Amino acid sequence: MDRIPILRMGDFLLVTIQVDMHDQLAMTLQDDLTSQIEKTGAKGVLIDISALEMVDSFIGRMIANISGMSRILDASTVVVGMQPAVAITLVELGLSLAGVQTALNVDRGMQRLRADVAGKEADDGRHQE
Amino acid sequence: MAVTKSEVIPIRTEHDIVVARQAVRRLSVEAAFGLVDQTKMVTAASELARNTFIYGGGGTLQCESLLEGARRGLRLTFTDQGPGIADLSLAMKDGWTSGSGMGLGLSGAKRLVNEFEIESVHGQGTRVTITRWK
Ligand SMILES: Nc1ncnc2c1ncn2[C@@H]1O[C@H](COP(=O)(O)OP(=O)(O)OP(=O)(O)O)[C@@H](O)[C@H]1O
Ligand SMILES: [Mg+2]
């Protein structure tokens, strides 16, 4: 069965979606990412959707689920590179993706993840005092 | 109004939803839609094709390229012989789902197009027609 590859880079997991995903492929990615976060203890997930020409309610729900799931597992998720036409369409469809962090590109997304991790470590330090 | 081209795509498997999206993209480009309009039409088609597959038990998508004067358009008709929708006004509500969806497919698709029509007969099937003009 086909899958979307998940790359590991230090504390982070990286996914680049380059195909028009059928629903099962999106579900598999969601499951794979969740189990990878758990297995690796990753602190952040970056999902590059710059090649996606459409996000409908199903893919939108997958993105929201991944983001929510990672939060429960103490990792941050950032979605990067959403095309403007896709963003405009999503809003009109009625999907706000509230609670999902987004960034313009991969660089900004990585910055965001590093900042999130640094913030959490500072918090942990405070709790231990 | 003239129909300049017509094709029918079966919606029998989950993969056919992807096939439908790709056909609608191609026809939207042919109709000279801008990128945002293309994306809206493809997204609406994806929602409706999924409904045809999941709730309608499969069916067809008819794509018709339209010409009215100098205006070009694209009309998509999704037809199934499934259980139909008992309460149409409820089904059209944002956030209402009988399953595990987000209840955005029908109401969202309606917002993404210029014309939206739905006919459904309980026990006989559902037909949704959407049109977008350049
Ligand atoms: N072709 C159809 N045949 C029978 N029932 C349908 C059909 N299309 C939609 N429905 C009914 O209308 C409801 C609303 O559909 P809609 O697409 O708006 O939301 P959804 O499919 O439940 O969720 P989402 O599309 O956001 O994932 C569905 O839950 C289903 O009960
Ligand atoms: Mg739906």
Side-chain angles (χ1 to χ4, degrees), chain A residues 1-4 16-32 34 47-69 77 79-100 102 104, chain B residues 11-26 28-29 33-55 58 76 78 91-97 99-114 116 130 132:
Chain A
M1 203 194 69
D2 52 352
R3 312 183 104 80
I4 293 174
T16 304
I17 302 173
Q18 272 162 331
V19 291
D20 189 347
M21 286 187 290
H22 56 85
D23 293 359
Q24 189 53 50
L25 189 57
M27 290 298 289
T28 305
L29 175 61
Q30 182 182 318
D31 292 347
D32 285 353
T34 310
I47 306 174
D48 180 0
I49 62 165
S50 56
L52 268 194
E53 293 182 332
M54 180 232 54
V55 172
D56 63 6
S57 67
F58 195 90
I59 296 172
R61 185 152 52 118
M62 174 208 74
I63 290 173
N65 285 350
I66 290 172
S67 168
M69 218 75 93
T77 293
V79 173
V80 308
M82 186 186 292
Q83 293 180 15
V86 173
I88 291 167
T89 301
L90 257 187
V91 171
E92 218 159 297
L93 184 66
L95 254 181
S96 62
L97 291 187
V100 176
T102 56
L104 220 50
Chain B
I11 312 232
R12 294 273 163 231
T13 67
E14 199 190 77
H15 185 255
D16 290 336
I17 302 171
V18 178
V19 174
R21 289 204 288 254
Q22 287 166 353
V24 172
R25 173 75 65 178
R26 171 171 47 80
S28 298
V29 170
F33 287 0
L35 187 56
V36 173
D37 286 359
Q38 287 172 33
T39 308
K40 286 181 178 177
M41 200 58 170
V42 172
T43 307
S46 185
E47 295 297 340
L48 298 174
R50 186 176 294 105
N51 283 353
T52 300
F53 172 63
I54 293 180
Y55 303 111
L76 307 177
F78 299 82
M92 288 302 302
K93 275 211 177 89
D94 260 347
W96 191 84
T97 176
S100 57
M102 294 198 292
L104 284 178
L106 289 175
S107 52
K110 186 175 181 182
R111 282 190 289 270
L112 293 173
V113 298
N114 299 126
F116 181 99
I130 58 174
R132 227 194 134 88

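Only this structure's heavy atoms are used, side chains among them; waters, hydrogens and symmetry mates stay out. Lettering follows sequence order; numbering is per chain, from 1. Everything numeric here is computed off the predicted structure, so don't read it as measured data.
Of the inter-residue distances, the one linking B/R25 atom CZ with A/D20 atom CG reads 9.0 Å to the nearest 0.5 angstrom. Annotation: the span from B/L104 atom CG to A/R61 atom CZ amounts to 10.0 Å, rounded to 0.5 Å. The CG atom of A/L90 sits 7.5 Å away from atom OG1 of B/T43, with the distance rounded to the nearest 0.5 Å. The distance from atom OG1 of B/T39 to atom CD of A/Q83, rounded to the nearest 0.5 Å, is 7.0 Å.
Here the closest non-hydrogen pair linking A/L93 and B/L112 is CD1-CD1, 3.9 Å. Between B/I17 and A/D23, the shortest heavy-atom distance links the atoms CD1-OD2, 4.1 Å.
Note on B/E14, B/Q38, B/H15: by heavy-atom pairs under 4.5 Å with chain A, the leading option is B/E14. Between chain A and the residues B/R50, B/K110, B/M102, the most heavy-atom pairs under 4.5 angstrom are made by B/R50.
At least one donor-acceptor pair closer than 3.5 Å links the side chain of B/E47 to the backbone N or O of A/S57.
With a threshold of 4.5 angstrom between heavy atoms, B/L35 approaches chain A through its backbone and through its side chain. Of the atoms belonging to B/A44, not a single heavy atom falls under 4.5 Å from chain A.
A/E53 is not listed as a side-chain neighbour of B/V42, based on a closest heavy-atom distance of 4.5 Å or more.
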